[in-house]
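Written below as C-alpha cells is the structure these notes are about.
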Amino acid sequence: MEHLNTQFLLSLMIIITGYVCKKLSIIKAQDGEGLARIIFNITLPALIITTFSTIKIDFSLIMITVISAFYGLLMAAVGFIVFRKEQRNSRGMLIMLLPGFNIGLFAYPLVEAIWGQAGLQYFGMFDVGNSLVIFIVCYLIASYYSTDSSQLSVKTVFVQLGKSIPLLAYTIAFIAAVGGLKFPQQLLAVTQILAKANMPLSLLLLGIHLSFSLNSEYWRNMGRILAVRYVIGLIVGGLLFWFTPFSDIIRYTLLVGFILPVAMAAIPFAIEFGYDQNFVGTLANMTILISFLLVWIIVGSLY
C-alpha cells in the first residue's frame, strides 16, 4: 500500500508541476500541442513496440481486446438512448464522448509505475480494442452528426486510421507477436530508451492541459456523461472483477480500464467536426481528475 501511495503521489507531483509551469508561463499551453505530438508519434509508439516485443499472445490477452471493443460498442449504444432527444449537433458530440478511454497519456504512466512491464502488456491489449472503437465508432458518430456529414465515407475512416501512429504501432507489434517475429535488436535498443520518456512526458502533458474554467451551461450535459461513464464503468468493471475466474491482472485491467478518462482523440474530433471544443476539453480535464482519484482509491484498497 505504501508503494502504491508513493507512486500515485509522485505521479500527482509531476502533473502538478506541468500545471504550475503553465500557470507561471514557464510553459505555454501551445507548447503542450508540440509535446503531445512527440508523445503520440514517438514515445508512445516506442513504448508499444518495446512492450509487445516480449509479449506472448494467448487467449486471455485476445479476450481483453474483445471485451474492450464490445464495451465501447455498449457505451455507444447507451449514448444513443440517453441523448436521443438532444439536437443533432449536440447529440453527436455527447455520444462520441462515451465509448473511448485515455490509455496512452493517462493509464500507461500509472500502470507502468504499479505493475511494470507485465501490466503494460495487458493494458496494451485493452487499448487495441479501445483504439478501434475510437477511430472507427467514435469517428463515424462524430462525422455523421456533424453539420457537414458529407465527410462520412469509408475512405475517410481509413485515412483517419492511417494517421494514427499509435494504432499503426499496435497493428505492427500485434502482427509480429502473433507471427512470432522479432524486432531487430538495434530498433529495440532505441525504442527502449524512448519508451522511458513516455511516463514523465505524459504526466507533464496532463498537467499542462488541466483547466478549471467551468461554464455553468455545461453542467447538465457534463453531469449526464460523467454519471453514465463512471456508474456503468464501475458496475461492469466491478462485476467482472468480483464474479469472473480471470487472473488478477486481467480483472484489474478491466476494472481500471472502464473508469479511465475521456479519450484525448475527442478533442481533435471536436475541432474537425465543429463541436464545442471548450466543452470537450473541460470534460476531458474533469475525467482526468476523477479517474486519477478513483484509480488511486480502488487500486489502493484492493491491491
Side-chain angles (χ1 to χ4, degrees), residues 7-48 93 96-97 100-113 127 131 134-135 138-139 142 160 163-167 169 193-219 221-222 225-226 260-293 295-296:
Q7 294 297 340
F8 274 101
L9 286 172
L10 289 174
S11 298
L12 182 61
M13 290 174 64
I14 297 175
I15 293 174
I16 292 174
T17 298
Y19 179 75
V20 171
C21 287
K22 181 185 70 172
K23 297 300 290 185
L24 296 177
S25 298
I26 297 174
I27 298 175
K28 297 180 180 179
Q30 294 85 342
D31 297 333
E33 298 177 5
L35 182 58
R37 285 193 290 271
I38 292 174
I39 293 171
F40 279 112
N41 297 318
I42 299 178
T43 64
L44 180 55
L47 179 61
I48 293 169
M93 178 183 70
M96 80 164 183
L97 291 170
F101 300 102
N102 185 342
I103 308 289
L105 291 182
F106 183 87
Y108 272 165
L110 298 179
V111 170
E112 185 177 9
D127 198 25
S131 297
I134 291 172
F135 291 105
C138 293
Y139 187 84
Q160 184 67 28
K163 290 180 179 179
S164 174
I165 303 300
L167 183 58
I193 295 173
L194 292 173
K196 293 178 181 179
N198 191 75
M199 179 170 67
L201 290 181
S202 297
L203 293 173
L204 279 173
L205 182 61
L206 290 178
I208 293 171
H209 276 311
L210 279 182
S211 174
F212 299 99
S213 56
L214 301 179
N215 189 328
S216 59
E217 298 178 358
Y218 294 161
W219 282 113
N221 284 330
M222 281 189 178
I225 291 178
L226 293 174
L260 292 176
V262 167
M264 288 300 291
I267 296 176
F269 287 178
I271 296 172
E272 180 176 352
F273 297 112
Y275 293 123
D276 190 334
Q277 301 170 38
N278 292 329
F279 178 90
V280 174
T282 302
L283 179 72
N285 286 325
M286 291 184 66
T287 57
I288 287 172
L289 296 176
I290 295 171
S291 294
F292 188 90
L293 292 175
V295 173
W296 190 345

Heavy-atom closest pair, residues N278 and T282: O-OG1, 2.7 Å
Straight-line distance of I48 CD1 to D127 CG, nearest 0.5 Å: 7.0 Å
Value rounded to 0.5 Å, distance of CG in L283 from CD1 in I267: 9.5 Å
From L12 atom CG to L289 atom CG, the distance as rounded to the nearest 0.5 Å: 9.5 Å
Student check: side-chain heavy atoms of L9 and W296 closer than 4.5 Å: yes
A266 versus L97, closest heavy-atom pair with distance: CB-CD2, 3.6 Å
Straight-line distance of I38 CD1 to S202 OG, nearest 0.5 Å: 11.5 Å
Minimum-distance pair of heavy atoms, taken over all atoms of G104 and N198: O-ND2, 3.8 Å
Euclidean distance, I16 CD1 relative to L204 CG, rounded to 0.5 Å: 12.0 Å
Under 3.5 Å: donor-acceptor pair, side chain of N285, backbone of G281: yes
T287 side-chain N/O to V262 backbone N/O, donor-acceptor pair under 3.5 Å: yes
Heavy-atom pair with the smallest gap, counting every atom of L194 and A46: CB-CB, 3.7 Å
Partners passing side chain to side chain contact (heavy atoms under 4.5 Å, CB included) against I193 (at least two apart in sequence or in another chain): none
Option passing side chain to side chain contact (heavy atoms under 4.5 Å, CB included) with L206 (candidates F106, Y19, F292): F106
Distance-minimising heavy-atom pair for F135 and Y139: O-CB, 3.5 Å
Residue pair M96 / Y275, side-chain heavy-atom distance below 4.5 Å: yes
Worked verdict on L110 versus F8 for side-chain contact (heavy atoms from CB on, under 4.5 Å): CA-CA 7 Å; L110 298 179; F8 274 101; 4.1 Å; yes
Candidate pair N102 and L260, rule side-chain contact (heavy atoms from CB on, under 4.5 Å), full reasoning: CA-CA 6 Å; N102 185 342; L260 292 176; 5.6 Å; no
V280/F269 under side-chain contact (heavy atoms from CB on, under 4.5 Å): CA gap, chis, key distance, verdict: CA-CA 10 Å; V280 174; F269 287 178; over 6 Å; no
From CD1 (I42) to CG (L201), nearest 0.5 Å: 10.0 Å
By ring-ring contact (aromatic ring centres under 6.0 Å, His included) - contacts of F279 (at least two apart): Y218
Any I208 side-chain heavy atom under 4.5 Å of D31 side chain: no
Working for side-chain contact (heavy atoms from CB on, under 4.5 Å), residues I26 and V20: CA-CA 8 Å; I26 297 174; V20 171; over 6 Å; no
Distance-minimising heavy-atom pair for I39 and P45: O-CD, 3.6 Å
